[in-house]
Amino acid sequence: MARELLGKVLVRDSGKLRLTARIVEVEAYLGENDPAAHAAAGNTARTSILFGPPGYAYVYFIYGKHYCLNVSCEHEGKAGSVLFRALEPLLGIEEMALARDIAVHGPRDLIRLTSGPGRLAEAFGITRARDNGCDLTSASSALWIARDGFRAKGFQITPRIGISKAADQPLRYALKGNAFVSGKRPSR
DNA sequence: ATATCGATTATCT
DNA sequence: GATAATCGATATG
């Protein structure tokens with residue numbers, strides 16, 4: 001799923017406003033048996049979406065400040081998911097800058113719009129109240145995943161970022177050479 | 001009822 | 001490179 005999501009487009013539709021951005025970095029979380037996954041705590045009020053059918057938005061709140069977006073994967077009862085870590089803005093850049101409350105002058109500022117799980121959620125106005133449980137596979141949803149003709153040149157797999165448990169597993173997928181990928185730049 | 005901590009980011013040095 | 005900010009979910013009593 002993580003590999004399939006790379007290169008797809010995240011779409012926000014609210015009224016006549018549309019935001020779109022390409023998915024350039026994601027991480028896989030493997031469900032109940034993955035110590036780093038929220039699903040490891042079991043099926044609770046917080047994580048119930050993870051245990052439902054695939055294709056739905058799991059939104060969580062972290063560090064008192066940030067929302068992050070996952071899509072549920074696997075069949076009902078299996079809590080695998082994919083975390084959206086970075087996007088490349090396509091449409092609605094001014095609106096994203098407004099939501100992020102930053103001024104965009106050059107490419108350097110563009111990166112701060114959607115490079116990082118908390119940043120992309122803020123740019124898209126994603127909150128738990130608004131988007132948790134949303135069907136990401138339906139074009140009539142306010143938040144959904146689209147396919148355009150984009151062909152990725154390649155991707156790379158590295159260890160997941162920002163976790164303390166099971167941090168060694170290579171489950172982070174990123175488009176090769178994409179400037180919007182979060183974290184430290186690979187040496188090449 | 002209370003304590004702990006995190007799938008992060010911004011802002012320092 | 002280090003650290004503060006900030007709050008809801010979860011664990012513990």
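These numbers come from the heavy atoms of this one structure, side chains and all, not from hydrogens, waters or symmetry mates. Just so we're on the same page: letters track the sequence lines, and every chain starts at 1.
Evaluation of the side-chain contact (heavy atoms from CB on, under 4.5 Å) rule for A/Leu98 yields no partner, not counting sequence neighbours. The side-chain contact (heavy atoms from CB on, under 4.5 Å) test applied to A/Pro54 returns no partner, not counting sequence neighbours. Under the rule for a side-chain contact (heavy atoms from CB on, under 4.5 Å), the partners of A/Thr137 that lie at least two apart in sequence or sit in another chain are A/Asp135. Residues satisfying the side-chain hydrogen bond (donor to acceptor under 3.5 Å, both in side chains) criterion with A/Ser164, sequence neighbours excluded, are absent altogether. Every ring-ring contact (aromatic ring centres under 6.0 Å, His included) that A/Phe61 has, sequence neighbours left out, goes to A/Tyr67. Remark: A/Arg160 pairs with A/Asp34 by the salt bridge (charged side-chain N to carboxylate O under 4.0 Å, His left out) rule, at least two apart or across chains. With sequence neighbours excluded, no residue forms a ring-ring contact (aromatic ring centres under 6.0 Å, His included) with A/Phe155.
Think of A/Leu50 as one node in a network of Ile, Leu, Val, Met, Phe, Trp and Tyr side chains linked at under 4.5 Å; its network also takes in A/Tyr29, A/Ile49, A/Phe51, A/Tyr56, A/Tyr58, A/Tyr60, A/Ile62, A/Tyr63, A/Leu83, A/Ile163.
Scanning DNA chain B for stems, defined as runs of 3 or more consecutive Watson-Crick or G-U wobble pairs whose donor-acceptor distances all fall under 3.5 Å, gives the following ranges: B:1-6 with C:7-12, B:8-12 with C:1-5.
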Atom pairs and distances, donor-acceptor, side-chain atoms in residues 104-114 of chain A, under 3.5 Å, two or more places apart:
{"unit_1": "A/Asp109", "atom_1": "OD2", "unit_2": "A/His105", "atom_2": "N", "d": "2.9"}
{"unit_1": "A/Asp109", "atom_1": "OD2", "unit_2": "A/Gly106", "atom_2": "N", "d": "3.4"}
{"unit_1": "A/Thr114", "atom_1": "OG1", "unit_2": "A/Leu87", "atom_2": "O", "d": "2.7"}

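Of the residues in residues 38-52 of chain A, those lying under 4.0 Å from DNA chain C by heavy-atom distance are A/Thr44, A/Arg46.
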message: Strictly under 4.0 angstrom, non-hydrogen atoms only: write out the protein contact profile of nucleotides 8-13 of chain B, one letter per nucleotide from the 5' end, B, S or -.
response: BSS---
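If you measure from atom OH of A/Tyr29 to atom P of B/dG6, you get 13 Å, rounded to the nearest angstrom. Counting to the nearest Å, the C1' atom of B/dA7 and the CG atom of A/Asp34 are 10 Å from each other. Atom CG of A/Asn132 and atom C1' of C/dG8 are 13 Å apart (whole Å).
Looking only at distances, no side-chain donor or acceptor of A/Ser14 sits under 3.5 Å from a matching main-chain atom of A/Ala142.
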